[in-house]
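Written out below as structure tokens is the structure these notes cover.
Numbering starts at 1 and runs along the sequence shown.
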Amino acid sequence: MKSFRLILPLLLLLASCASKKSIVSDSGQKDASVTTGGQQTAGIEKLAFMQKVADSRVYAKNIVGNMTFSIQTKGNDVSVPGSVHMRENEIIRLQIFIPLLGSEIGRIEFTPDQVLIIDRMHKEYIQAGYDQVAFLKNNGINFYTLQALFWNRLFLPGEEKVSESALRKFEVDTNAAGQTLPITFTNGNMTFTWNAGKSDGQITEANVAYRSATHGTSTLNWKYANFKSVGVKLFPSLQTFKFTTTATNRQQEATVSIRMSEVKDDSKWDTKTTISSKYKKVSTDEIIKKLLSL
């Protein structure tokens, strides 16, 4: 059971390379809609594909289902039951249960204002705004970045959503071989890449890479599979994300899988979590330091 202590804070660590605060303005990106000949046609083709990708997102307000939560790190391989409860623009909640018994052992919640991690085994919790957690603040992580990753959507760092006009900020290689087209966005040391189906625009993979001469290289690879119907759209019931970094002067790697047995648009659940007065508040940074020292 000691491996449970790694699960919740490590999930936060995995997300920490997902975004940077600054965002390139419209004038700083090459406009795909150019004015002449074949370039104009290519620009229209790229924008049409981007609109297809944007339209592939589910219309559901809620995503709910039971899951199997797995995490692999050096020396640790844990797989436990759990549940997913997400309400658009309000909350992302992952609950981890004790196998067989079904009692909640911990939960992690992201809301627009804060991060909450509850460790029920040790009666501890973390509760902080995104600007209070150093590795989230330094990397510009906010709720909407994480929501886009969990909801299988495009995102722009620091933005709540990707508007139709903002679709021009992405580059698309329409001549790429295979069944998917790569979509890219670059901002400073950060490169974001999504692979989306040529025919349906469905995102099957997202990649984030941060490269720095002083802080090393960190990458996040997020794969989507086993799509299931939610209304008239599809949602990935299997999400696997792998985080690799050399920022700690040695390579570290962790892989998390969320395999949902069902995906429902269920609104009959409460977004409010009450913390027992018996629980002790602890520092996220201290837990991350312990993880990095493993």
Given side chains that start at C-beta, do those of [X] and [Y] come closer than 4.5 Å, heavy atoms only?
{"X": "Asn62", "Y": "Asp266", "value": "no"}
{"X": "Leu116", "Y": "Ile108", "value": "no"}
{"X": "Val162", "Y": "Lys169", "value": "no"}
{"X": "Ile117", "Y": "Tyr125", "value": "no"}
{"X": "Trp222", "Y": "Thr240", "value": "no"}
{"X": "Arg211", "Y": "Asn189", "value": "no"}
{"X": "Thr145", "Y": "Phe143", "value": "no"}
{"X": "Thr245", "Y": "Phe243", "value": "yes"}

**Message:** Testing Ser79, Ser261, Pro81 one by one against Thr68 for a side chain to side chain contact (heavy atoms under 4.5 Å, CB included), which residue passes?
**Reply:**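 For Thr68, the side chain to side chain contact (heavy atoms under 4.5 Å, CB included) check succeeds only for Ser79.
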
[atom1] of [X] to [atom2] of [Y]: how many Å apart, nearest 0.5 Å?
{"X": "Met50", "Y": "Glu164", "atom1": "CE", "atom2": "CD", "answer": "11.5 Å"}
{"X": "Asn142", "Y": "Glu160", "atom1": "CG", "atom2": "CD", "answer": "8.0 Å"}
{"X": "Ile98", "Y": "Ile105", "atom1": "CD1", "atom2": "CD1", "answer": "4.0 Å"}
{"X": "Leu47", "Y": "Leu167", "atom1": "CG", "atom2": "CG", "answer": "6.5 Å"}
{"X": "Phe227", "Y": "Ser56", "atom1": "CZ", "atom2": "OG", "answer": "8.0 Å"}
{"X": "Lys280", "Y": "Ile275", "atom1": "NZ", "atom2": "CD1", "answer": "15.0 Å"}

[X] (side chain) donor-acceptor with [Y] (main chain) under 3.5 angstrom:
{"X": "Asn187", "Y": "Met190", "value": "no"}
{"X": "Lys161", "Y": "Tyr144", "value": "no"}
{"X": "Lys281", "Y": "Gln127", "value": "yes"}
{"X": "Asp119", "Y": "Gly106", "value": "no"}
{"X": "Ser229", "Y": "Gly231", "value": "no"}

**Message:** If you count heavy atoms of other groups shown closer than 6.0 angstrom to NZ of Lys223, is the number above 12?
**Reply:** no

**Message:** Looking at Leu101, I'd like to know if its CG atom is crowded, meaning that more than 12 non-hydrogen atoms belonging to other residues, nucleotides or ligands lie closer than 6.0 Å.
**Reply:**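 Enclosed.
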
Heavy atoms only: give me the nearest [X]-[Y] pair and the separation to one decimal.
{"X": "Phe49", "Y": "Ile183", "value": "CE2-CD1, 4.0 Å"}
{"X": "Lys233", "Y": "Val58", "value": "CB-CA, 3.7 Å"}
{"X": "Leu156", "Y": "Ala166", "value": "CD1-CB, 3.9 Å"}
{"X": "Phe185", "Y": "Pro157", "value": "CE2-CD, 4.0 Å"}
{"X": "Thr255", "Y": "Lys242", "value": "OG1-CG, 3.5 Å"}
{"X": "Tyr130", "Y": "Thr111", "value": "OH-O, 2.7 Å"}

According to a hydrophobic-cluster definition based on side-chain heavy atoms being under 4.5 Å apart (Ile, Leu, Val, Met, Phe, Trp, Tyr only), do [X] and [Y] belong together?
{"X": "Val232", "Y": "Ile63", "answer": "no"}
{"X": "Ile203", "Y": "Tyr59", "answer": "no"}
{"X": "Leu238", "Y": "Val64", "answer": "no"}
{"X": "Trp151", "Y": "Leu234", "answer": "yes"}

**Asked** Could you go step by step and tell me if Val78 and Ile71 meet the side chain to side chain contact (heavy atoms under 4.5 Å, CB included) rule?
**Response** CA-CA 5 Å; Val78 184; Ile71 185 166; 3.9 Å; yes

**Prompt:** How are the rings of Phe110 and Phe150 set relative to one another: parallel (under 30°), tilted (30 to 60°) or perpendicular (over 60°)?
**Reply:** tilted

**Request:** Any chance you could lay out the side chain to side chain contact (heavy atoms under 4.5 Å, CB included) test for Glu262 and Asn66, step after step, and finish with the verdict?
**Result:** CA-CA 6 Å; Glu262 56 184 352; Asn66 294 326; 3.7 Å; yes

**Message:** Apply side chain to side chain contact (heavy atoms under 4.5 Å, CB included) to residues Val115 and Ile126 and explain how you reach the verdict.
**Reply:** CA-CA 8 Å; Val115 178; Ile126 298 163; 5.7 Å; no

**Message:** Tell me if the centroids of the rings in Trp194 and Phe170 come within less than 6.0 Å of each other.
**Reply:**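 Yes: the rings meet the under 6.0 Å criterion.
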
**Message:** Suppose the criterion is side-chain hydrogen bond (donor to acceptor under 3.5 Å, both in side chains): which pairs have a residue in residues 195-209, not counting sequence neighbours?
**Reply:**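 As it turns out, the side-chain hydrogen bond (donor to acceptor under 3.5 Å, both in side chains) pairs with a partner in residues 195-209, which skip direct neighbours, are Asn152-Gln202, Asn195-Glu205, Glu205-Asn207, Glu205-Asn221, Asn207-Asn221.
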
Report yes or no: do [X] and [Y] form a side-chain donor-acceptor pair below 3.5 Å?
{"X": "Arg120", "Y": "Ser103", "result": "no"}
{"X": "Gln95", "Y": "Ser83", "result": "yes"}
{"X": "Ser257", "Y": "Ser70", "result": "no"}

**Request:** Evaluate the criterion ring pair (Phe, Tyr, Trp, His ring centres under 6.0 Å) for residue pair Phe155 and Phe192; output intermediate values, then yes/no.
**Result:** CA-CA 9 Å; Phe155 65 87; Phe192 308 86; 5.6 Å; yes

**Item:** Glu171 with Lys46: basic N within carboxylate O range, under 4.0 Å
**Value:**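 Yes, Glu171 and Lys46 are salt-bridged.
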
**Message:** Strictly below 4.0 Å, N to O, side chains only: are Arg107 and Glu109 in salt-bridge contact?
**Reply:** yes

**Prompt:** Does anything in residues 146-156 pair up under salt bridge (charged side-chain N to carboxylate O under 4.0 Å, His left out), and if so which pairs, sequence neighbours excluded?
**Reply:** Glu88-Arg153

**Request:** Output, in order, the C-alpha distance, side-chain angles, deciding distance and verdict of side chain to side chain contact (heavy atoms under 4.5 Å, CB included) for Ile258 and Leu94.
**Result:** CA-CA 10 Å; Ile258 295 174; Leu94 303 178; 4.1 Å; yes

**Request:** Return the set of residues passing side-chain contact (heavy atoms from CB on, under 4.5 Å) with Thr271 (not counting sequence neighbours), or none when no residue passes.
**Result:**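 If we apply the side-chain contact (heavy atoms from CB on, under 4.5 Å) test to Thr271, skipping adjacent residues, the hits are Arg87, Glu90, Ile91, Trp269.
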
**Message:** Pair Thr73, Glu253 - check side-chain hydrogen bond (donor to acceptor under 3.5 Å, both in side chains), show working.
**Reply:** CA-CA 6 Å; Thr73 62; Glu253 186 175 289; over 6 Å; no

